[in-house]
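Sequence positions, counted from 1, serve as the residue numbers for this chain.
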Amino acid sequence: MPRQNGKVAIVTGGGRGIGYEVVRQLARLGAHVIIGGRDEQEGFAAVRRICEEDKEAKVEFRKLDLASVLSIRQFAHSFKERNLPLNILVNNAGVMLVPEGRTDDGYELHFGVNYLGHFLLTWLLLDLLKSSGEHGDAARVVNVSSSAHGIGKIRLNYINSSYQYSAHAAYCQSKLAQVLFSSHLHQEMQRGGFCVSSCAVDPGMVNTALYCHLWTPLRMAQRVIARLLFRTPAEGAVTVLSAALSEDCKGGYWTNGHREMTTSPAFDPGLELNLWEVSMQLLGLQRDQ
């Protein structure tokens, strides 16, 4: 993969799992990487491990709680105050199959953390991404989604409802929302003539801590199966890195290291636009902000 000297990247949830491996590899390629995460102990430990492995690595941790609009705004504000470019934004952090709950601002947890928090973070950093991208070297927004988006359903009128709550349905909805957001953002950037590329990525079935909320018997079975069939976090990071660093990245949906077609709901322009507008309303954002 090409060297990334002088580039600056933000990776949410970079303290462990796929995110950690993405941070590690970007740092090895010469990028200055900021880990955005909720767990400070985990984040600083990740920085320490990477720097022990590579003495020249430029890695740091900054507190970012995607379940809090205030935390997201504080993170974005403090980053922008440093006058650094932003070449790569990897929206990787997420929750899966968590019990019913709400973010600090009242959003369903999967929707709020996996999708809406990343929507706000990207929006707040979009001007930096626009100014950092160049012709032939576009800035990248990489949203780590899942093949589960294929069975997700977006119910715009009940998007934050807990009626007949299903953790699985909520997770799939959040992953479909990420794919729709990625597609619409890419089109917005292309129409505006900005050198910013946005894509969604499926890293495959990866053995990470995301499965910790499975029902206990299923969790025990998953541990056994994962050792045999699941990818390691390093293997799962390959497609994320491919999308972030490929010279010919033109948006789209990435899996197994390259662009592929995805399910039809993700190509519904009307749904993409409506979800975008609903998200703006929920977060109180204006297009001219």
With a 4.5 Å cut-off on side-chain heavy-atom distances among I, L, V, M, F, W and Y, is there a chain of contacts connecting I154 to L273?
no

Test log, rule side-chain contact (heavy atoms from CB on, under 4.5 Å), inputs C195 and H135
CA-CA 6 Å; C195 297; H135 289 290; 3.6 Å; yes

Go through L126 and E188 one step at a time and tell me if the side-chain contact (heavy atoms from CB on, under 4.5 Å) criterion holds.
CA-CA 11 Å; L126 200 51; E188 288 265 319; over 6 Å; no

Verify same cluster id: I88, M1 (apolar side-chain graph, 4.5 Å):
yes

So, for N87 and K7, which heavy atoms are closest and what is the spacing to 0.1 Å?
OD1-CA, 3.2 Å

I need the minimum non-hydrogen distance between I50 and A57, along with the two atoms involved.
CG2-CB, 4.0 Å

Parallel, tilted or perpendicular: which one describes the rings of H110 and Y171, with boundaries at 30° and 60°?
perpendicular

Just by distance, with hydrogens left out, do Y115 and S279 show a side-chain donor and acceptor under 3.5 Å apart?
yes

Quick check: does any side chain N or O of H186 sit under 3.5 Å from a backbone N or O of S183, one acting as donor and the other as acceptor?
no

For residues I10 and F75, determine if any side-chain heavy atom of one lies less than 4.5 Å from a side-chain heavy atom of the other.
yes

The criterion is side chain to side chain donor-acceptor pair (under 3.5 Å); which residues satisfy it with N114, sequence neighbours excluded?
S174

Same cluster for L180 and L156 if Ile/Leu/Val/Met/Phe/Trp/Tyr side chains link at under 4.5 Å?
yes

Where do E272 and Q187 land on the side-chain hydrogen bond (donor to acceptor under 3.5 Å, both in side chains) test, with the steps shown first?
CA-CA 10 Å; E272 288 179 7; Q187 294 173 55; 3.0 Å; yes

Any side chain to side chain donor-acceptor pair (under 3.5 Å) pairs touching residues 22-39, not counting sequence neighbours?
E21-R24, R24-E53, H32-E60

Please determine if R49 and E52 form a salt bridge, counting it only when a charged side-chain N lies under 4.0 Å from a carboxylate O.
no

Work out which heavy atom in V8 is nearest to a heavy atom in P85; give both atom names and the distance.
CB-O, 3.3 Å

Would you sort out whether L121 and L89 count as a side-chain contact (heavy atoms from CB on, under 4.5 Å), showing the intermediate values?
CA-CA 9 Å; L121 178 65; L89 173 60; 4.2 Å; yes

Does L109 reach the side chain of T103, with side-chain heavy atoms less than 4.5 Å apart?
yes

My understanding is that only one of S197, C199, S198 makes a side chain to side chain contact (heavy atoms under 4.5 Å, CB included) with L185; could you say which?
S198

Of all heavy-atom pairs linking G236 and P203, the shortest is O-CB, 3.4 Å

Side chains of I159 and L275, heavy atoms from C-beta outward: is any pair under 4.5 Å?
yes

Closer than 3.5 angstrom, by distance alone: can the side chain of N143 be matched with the main-chain N or O of N91 as a donor-acceptor pair?
no

Treating Ile, Leu, Val, Met, Phe, Trp and Tyr as nodes and any side-chain heavy-atom pair under 4.5 angstrom as an edge, say whether L70 and L120 lie in one connected cluster.
no

Minimum side-chain heavy-atom gap L26-L245 below 4.5 Å:
yes

Heavy atoms, side chains only, cut-off 4.5 Å: are F79 and L128 in contact?
yes

Is the backbone N or O of A93 less than 3.5 Å from a side-chain atom of T12, with the two atoms forming a donor-acceptor pair by type?
yes

Check: T239 and D202 side chains under 4.5 Å, non-hydrogen atoms
no

Do V113 and V98 come close enough that some side-chain heavy atom pair is under 4.5 Å?
no

Is there a path of hydrophobic side-chain contacts, each under 4.5 Å between heavy atoms of I, L, V, M, F, W or Y residues, that connects L285 with W276?
yes

Which heavy-atom pair separates S132 from L86 by the least distance, and what is that distance?
OG-N, 2.9 Å

For R140 and L129, which heavy atoms make the closest approach, and how far apart are they?
O-CD2, 4.1 Å

Within the side chain of R16, is there an N or O that forms a donor-acceptor pair under 3.5 Å with the backbone of E42?
no

E81 CD: over 12 foreign heavy atoms closer than 6.0 Å
yes

Is the distance between the ring centroids of F181 and H118 less than 6.0 Å?
no

What is the distance from atom NE2 of H168 to atom CD of Q173, rounded to the nearest 0.5 Å?
12.5 Å

Could you tell me whether K58 atom NZ has more than 12 heavy atoms of other residues or ligands within 6.0 Å of it?
no

